[in-house]
Amino acid sequence: MAQDKKKPGWLKPLAFGALLAVLGHLLTIGLIPSVIMNIAIKRIAEASGGINRLAHGNMVTPQNQQIVRSSPDLAYSTCALDLSKGPVRVFIGKGADYTSAAFYAGNTDNVFTLNDRKIGPEGAQIMVVSARSPIAAKPGEVVVSLPSDKGLLLVRRLAPSAEAFKRVQGERAKDFCRTVTDGM
Amino acid sequence: MPMWRWLICGVLGLGLGVGSALAVSGGLFSDAKLVSGRWSTDPTVGAAAANPWLRATIARVGLLALTKEETVYFNRDVDDDGAKLVEGCTYALSGEAIQTRWWSITIYGADQMLPVNTDAASSIDATRALVAPATTWTGTLSPTRPTTPGPWLSSKGGGTYSLTIRLYNPQSVEKSALQALKLPSVKKVSCTQTPASGGAH
C-alpha cells in the first residue's frame with residue numbers, strides 16, 4: 001500500500017521532467033543555428049562598417065582568424081545581408097583562379113553558390129531578394145532569393161601564397177554589395 | 001504533493017535536454033556517413049535540406065560550409081593506426097593527385113580554430129605539394145620545422161587536433177567515388193611526449 005501511494009507521487013513530476021527534456025533539446029537544437037548566425041552577421045556587419053557592405057579580409061592567419069575553420073589558402077570577402085529595406089545588388093569580378101560567391105540564409109542554409117566557371121569575363125551581376133518581396137531584376141542579372149531577410153554573402157578566392165593574394169586584391173577591387181536604394 | 005519533486009524533475013529534465021542538444025551539436029556523437037580510409041565526411045553538410053541536428057552541428061563546428069558539389073570536407077583526428085593526432089608527435093604525410101579541381105589540408109585545434117603559432121604553416125595545398133610534373137608528394141606534420149624537404153604542416157599549439165581536407169569541385173560527388181578517393185596518409189614517425197601531455201592553447 002505504501003508503494004502504491006509513492007508511485008503517483010513521482011510519476012507526474014518524472015513525466016514533467018521528461019517533457020521538459022524533450023522540449024529543451026528541440027528548442028536548443030532549433031535555436032543554435034539562428035543564434036550563431038546572428039552573431040556572425042553582427043560581427044561581419046561591424047567589420048564591414050555596416051550591413052549590405054562588402055568587406056575584404058586579409059590573409060587568414062592564426063592571429064587574425066575570426067571564424068571557425070577558416071582556410072589560410074583562401075581570400076575571403078563578406079557581406080552581412082539585410083533585405084528588410086529592399087533588395088541588394090552584388091558584383092563579383094572574374095578571377096584567374098577558383099572563385100565562389102556563397103549566399104547563406106539566417107538559419108545557416110547555403111541557398112545558392114556561384115563559382116568562377118559560371119562567371120563570364122565581365123563578372124557576375126547578382127540581385128539578392130527576399131522571398132517575401134521579390135522584384136524584377138535587370139537582364140543578365142542572376143537572382144538569388146533568400147527565405148529570410150537576413151543572411152550572409154561569403155566570397156572565396158583561391159590565394160594560397162602572398163603573390164596570389166596580391167593578385168586577388170586587384171581582382172576583387174571592383175566587387176561590391178549594396179542596397180538597390182543606394183543608387184545602383 | 002511536494003513541490004520539490006516537480007522542481008528536481010523539471011531542472012534535471014531541462015538540463016538533460018539542453019545538455020544533450022549541446023553535446024550532439026558539438027559533434028560528441030557525430031557519426032559521419034561516408035568514410036575514405038581514416039578520413040570521414042557527412043555528404044549532407046552545406047545542403048539546404050540538412051536536418052535540424054546536422055544544421056546545429058554545422059553552425060557550431062563548420063559554419064558557412066559549401067555544398068558537396070562545390071566542396072567536400074573530409075576530416076580526421078587520428079593517424080593511420082587509429083591513434084589520436086597530438087602535438088607531441090611527428091607524422092609523415094604522403095599523397096597523390098586527387099580527382100578534384102584543387103585541394104588543401106588545414107589543421108584545427110579542439111576549438112576548431114587554427115593553432116596559434118607564427119610558423120605560417122597551417123595548411124598544405126595542391127599548388128605547393130604537387131608541383132608539375134609530380135603526381136605524388138610527401139610532407140611532414142610536426143610541432144617544429146622539419147629538416148626533410150617537402151611541405152610542412154605545423155602542429156605547434158595544436159594540442160589534440162584534427163585535419164580537414166577540402167576538395168574543391170570534385171570530379172564526382174557520388175558516394176562510391178568519394179569512398180574510392182586516395183586521400184593523404186598520416187603515419188606516426190616519433191613522439192617526444194605522451195598523448196595525454198599534448199600542448200593546448
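Computed from a prediction, not measured in an experiment: that's the story for all the values here.
In this structure, chain B has a heavy atom under 4.5 Å from the side chain of Ala40(A), while its backbone stays farther away. If you measure heavy-atom distances from Gln65(A) to chain B, the contacts under 4.5 Å come from both the backbone and the side chain. Interface remark: Leu23(A) contributes no atoms to any contact with chain B (heavy atom separation under 4.5 Å). Interface remark: Ser154(B) contributes no atoms to any contact with chain A (heavy atom separation under 4.5 Å). Proximity to chain B is limited to the backbone of Thr61(A), based on heavy atoms less than 4.5 angstrom apart. Residue Met59(A): no heavy atom, backbone or side chain, is found under 4.5 Å from chain B. Heavy-atom distances place no part of Leu31(A) under 4.5 Å from chain B, backbone and side chain included. No part of Leu27(A) comes within reach of chain B, as not one of its non-hydrogen atoms sits under 4.5 angstrom from that chain.
Judged by distance alone, the side chain of Tyr98(A) and the main-chain N or O of Asn169(B) form no donor-acceptor pair under 3.5 Å. At least one donor-acceptor pair under 3.5 Å links the side chain of Gln63(A) to the backbone N or O of Asn117(B). Distance alone, capped at 3.5 Å, places no donor-acceptor pair between the Tyr168(B) side chain and the Leu158(A) backbone.
Residues His25(A) and Ala21(B) approach most closely at ND1-N, 3.4 Å, considering heavy atoms.
Heavy-atom neighbours of chain B within the stretch residues 112-123 of chain A, taken at a separation under 4.5 angstrom, comprise Thr113(A), Asn115(A), Asp116(A), Arg117(A).
Interface summary for chain B: among Ile29(A), Leu19(A), Leu20(A), the most heavy-atom pairs under 4.5 angstrom belong to Ile29(A).
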